[in-house]
Amino acid sequence: MSEITITLPDKSTRTYQSGVTPLEVAESIGSKLANDTVAASINGVLSDATIPLKTDSDLNLYTGSTIEGHEVLLHSTAHLMAQAVKALWPESQITIGPAIKNRFYYDFDIDGTISNEDLQKIENKMQQIAKEDLQVTRKELSRNEAIKLFKDRGEKYKVEIIEQIDKTDKISAYTQGDFIDLCRGPHVPSTGKIKHFKLLSTSGAYWRGDENNKMLQRVYGTVFSTNNELKEYLTFLEEAKKRDHRKLGKELEIYTFDDEVGPGLPLWLPNGGVIIDALEELAKESETRHGYHRVRSPHLSKGTLYEKSGHLELYKESMYPAMDVDGIEYYVKPMNCPHHHKIYAASPKSYRDLPFRIAEYGTCYRYEKSGQLFGLMRVRSMQMNDAHIYCSKSDFDEEFLDVCKMYLEYFEIFGIDKYEMRLSLHDPKDLGKKYINEPELWLETEESVKIALKKGGVNFTEIPGEAAFYGPKIDVQVWSAIGKEFTLATNQVDFAIPKRFNLTFTDKKGIEQTPICIHRAPLSTHERFIGFLIEHYGGDFPLWLSPTQAIILPVSEKTLVYAKSLKKKFIAAGIRTKLDERPEKIGAKIRQAEINKIPVMVIVGEKEAAEKTVSVRRRFIGDQGSIKVAQLLKTLNNEHKQRSQPYRESQ
RNA sequence: GCCUACGUAGCUCAGUGGUAGAGCACUUCCUUGGUAAGGAAGAGGUCGCCGGUUCAAUCCCGGCCGUAGGCUCCA
């Protein structure tokens with residue numbers, strides 16, 4: 001047998017007999033490595049660790065702790081779970097079971113449902129199969145062999161998948177014990193590699209994600225290469241729940257829902273009202289600086305307005321049904337643009353009036369499907385930080401970039417750094433269906449958006465097929481504490497609707513032109529943005545957003561008079577201040593203030609009352625000692641005005 | 001909208017086929033305490049709503065409403 005040279009990632013080389021497997025290479029390096037190896041890459045191609053190496057190769061061994069190895073581990077655990085489910089429910093059908101971020105799932109077509117108690121049963125079965133340490137072997141099949149194999153096994157979903165696989169693609173199956181699954185791989189060498197896993201939840205999921213198809217049973221689970229990593233992940237999930245805006249929003253009395261009002265219709269409590277005011281103040285300041293006019297429009301409109309805009313045709317089922325007023329159909333507005341177009345149209349425009357920028361915290365109503373509702377993040381009534389910019393083509397780049405700049409200004413103020421900017425483009429296949437049928441305008445607009453973004457140095461990823469029906473859009477994606485993805489801010493280019501509304505301006509040469517419209521909502525809606533902020537700050541708002549900025553805590557009732565005079569003084573100075581008058585010990589008052597996440601505690605005992613000072617305790621910082629009242633007020637006023645970031649536990 | 005689970009005091013949650021309990025919060029009283037819980041008493045619930053089974057339902061069954069985890073959708 002010939003010898004081959006294996007080059008490892010550190011560029012060191014080793015010589016082996018031809019036919020050696022990556023797993024054997026790992027073994028020759030160390031038994032610990034061999035034990036932890038779940039997959040390999042051979043000349044850059046991710047492969048099973050059991051594939052024999054025939055020629056000189058670059059080899060990278062992946063343990064379950066690497067990104068690639070973890071994904072393989074997740075995927076193999078999905079197979080293990082499917083094997084367990086087949087063992088427990090022989091009549092069930094397997095469908096698909098991929099790895100997703102830190103988790104895997106598998107969808108089953110099964111009589112009845114899988115309950116939470118069943119999860120334990122499945123998990124036990126999985127432990128048993130893992131202990132058997134079954135070899136996992138790959139086999140490549142022809143199309144016909146594959147179809148026959150899965151037909152014989154009665155797996156009709158698998159047959160359906162194979163029939164749709166590209167004819168030129170290789171088909172492979174993985175076997176472990178009596179379980180065979182159609183799979184591209186790679187997989188762990190044997191089931192014994194899978195040790196530290198947990199099944200997390202069950203749910204329904206449509207076959208192929210199509211709501212017209214059968215509802216399958218989905219089981220989610222996770223796996224890690226060490227028990228510690230698994231525990232860390234489970235702890236992380238627990239911690240995330242503590243930051244959930246639904247939990248914090250209730251505890252901090254920011255908003256509530258009431259059955260009699262209706263689902264998805266949030267009621268803002270006084271604390272939420274304070275946050276809304278602060279955000280609107282910020283928006284007003286910044287929009288004024290960027291040359292916006294503020295407008296107001298009603299919550300209702302005749303249906304003909306939405307016929308003209310095209311919304312009624314495309315979104316009727318997610319609008320509240322029409323109400324009959326004097327025999328005419330009216331709708332509550334699902335968005336502000338048509339009203340704003342009418343504001344533009346209220347007077348003739350010349351190029352001198354452009355760019356015409358109008359902004360409104362407009363209240364919109366959308367009949368979101370009941371299963372969609374999610375705390376404040378997905379609601380049926382919302383106040384959007386909306387604005388529409390009408391400009392000429394030649395102004396477009398500058399205007400578009402100015403909007404992007406505004407996003408970034410805001411993100412800096414809020415310390416938002418974990419987000420993804422997505423440029424959503426149209427799919428030419430859907431022209432005339434999902435999208436307005438203007439192929440050339442689409443290409444032209446998308447190109448100018450890309451150029452503007454590149455010019456402005458804005459990083460983005462392109463997503464085909466996700467555009468708005470009237471033009472491309474930039475979305476800012478963020479994630480909730482429990483990992484749900486949301487579009488926080490959006491910025492859309494509209495080259496079509498102004499035409500439908502006959503919006504025009506007279507250019508320098510006296511010719512009538514149609515303006516381009518930019519829709520933008522950098523602060524999203526109050527609902528979604530505040531939901532996001534609650535989680536982003538973990539309930540610890542910066543001073544300028546904090547519903548209660550300072551609380552006066554008298555050490556005993558002996559200093560209550562001084563405390564009351566301070567409260568008046570603080571409020572007069574514009575600080576949102578409360579006073580804890582309960583006949584409690586100072587420790588208890590401090591504890592309550594900490595639980596309420598109040599950033600500034602002003603502690604006054606007899607010493608402070610005599611010296612006309614205050615003792616300051618700041619959240620996450622602690623006791624700051626006594627200072628003059630005027631000095632504290634000055635500090636707080638500055639901090640408020642500058643919209644400083646909050647102190648964090650890490651600081 | 002679909003699948004599954006859940007719904008008991010303001011909050012977090014026990015509990016039972018014979019009309020309900022804890023802790024925290026709240027009110028009052030005692031305590032006047034110096035940087036994360038002082039003590040006592042009191043008040044507070046048509047057990048989500050409607051119907052059925054039963055001598056009797058908060059508990060069992062059905063429907064509805066709401067919430068949660070997903071799926072699908074998101075101008």
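Given the structure is predicted, the values throughout are model-derived calculations rather than measurements. Residue numbering restarts at 1 for every chain, and letters A, B, ... go by the order of the sequence lines.
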Does A:Arg422 come within less than 4.0 Å of A:Glu485, counting only side-chain N to carboxylate O? yes
From NZ of A:Lys214 across to P of B:G1 the rounded distance in Å is 23 Å
For RNA chain B, the residues among residues 546-555 of chain A that have a non-hydrogen atom under 4.0 Å from it: A:Val555
Starting from P on B:U67, measure out to NZ on A:Lys247 and report it in whole angstrom. 19 Å
For a quick check, tell me whether the side chain of A:Glu260 and the base of B:G66 share a donor-acceptor pair closer than 3.5 Å. no
Can you tell me how far P in B:G15 sits from the matching atom in B:G48, rounded to whole Å? 15 Å
Using atom NZ of A:Lys558 as one end and atom C1' of B:U31 as the other, report the distance to the nearest whole Å. 12 Å
A:His245 ring center within less than 6.0 Å of A:Phe374 ring center: yes
Over all strands shown, is A:Thr113 touching base, sugar-phosphate only, or nothing at heavy-atom distances under 4.0 angstrom? sugar-phosphate
Step by step, work out the ring pair (Phe, Tyr, Trp, His ring centres under 6.0 Å) result for A:Tyr435 and A:Trp442. CA-CA 9 Å; A:Tyr435 304 122; A:Trp442 273 105; 5.2 Å; yes
Does A:Glu238 pair with A:Lys242 as a salt bridge, N-O distance under 4.0 Å? no
Spacing of the P atoms in B:U27 and B:C71 (rounded, Å): 44 Å
Establish, yes or no, whether the cationic atom of A:Lys214 lies under 6.0 Å from the six-membered ring centre of A:Tyr206 and within 45° of the ring axis. no
Between A:Gly262 and A:Ser115, which is nearer to the 5' end of RNA chain B once each is assigned its nearest nucleotide? A:Ser115
Looking at B:A36, B:U67, B:U35, which one has an atom nearest to any side-chain atom of A:Ile595? B:A36
Considering every strand shown, what is the Watson-Crick or G-U wobble mate of B:C73 when both distances are under 3.5 Å? none
Within the side chain of A:Asp258, is there an N or O that forms a donor-acceptor pair under 3.5 Å with the backbone of A:Glu260? yes
Check for me whether A:Lys434 meets the cation-pi criterion with A:Phe469, that is, NZ or CZ under 6.0 Å from the six-membered ring centre and within 45 degrees of the ring axis. no
B:C11 to B:G44 separation - C1' atoms, rounded to the nearest Å: 13 Å
Which letters describe nucleotides 70-75 of chain B, given B = protein heavy atom under 4.0 Å from base, S = only from sugar-phosphate, - = neither? BBBBBB
Euclidean distance, atom CG of residue A:Leu216 to atom P of B:C2 [Å, nearest integer]: 17 Å
Quote, to the nearest angstrom, the P distance that separates B:A57 from B:G18. 11 Å
Return the value, rounded to whole Å, for the distance between atom CD of A:Glu581 and atom P of B:U31. 19 Å
A:Ile627 CD1 to B:U35 C1': how many Å, rounded? 15 Å
Could you tell me whether A:Ile586 contacts a base, only the sugar-phosphate backbone, or nothing, with contacts defined as non-hydrogen atoms closer than 4.0 Å? sugar-phosphate
Specify the separation, in whole Å, of atom NZ of A:Lys585 and atom C1' of B:A40. 16 Å
Can you tell me which nucleotide in B:G1, B:U31, B:U35 comes closest to the side chain of A:Ser370? B:G1
With no hydrogens and no angle check, is any side-chain donor or acceptor of A:Trp268 less than 3.5 Å from a backbone partner on A:Val274? no
If you look at every strand shown and take non-hydrogen atoms under 4.0 Å, does A:Asp259 touch a base, only sugar-phosphate, or nothing? sugar-phosphate
Interatomic distance where CG belongs to A:Asp107 and C1' belongs to B:G69 [whole Å]: 14 Å
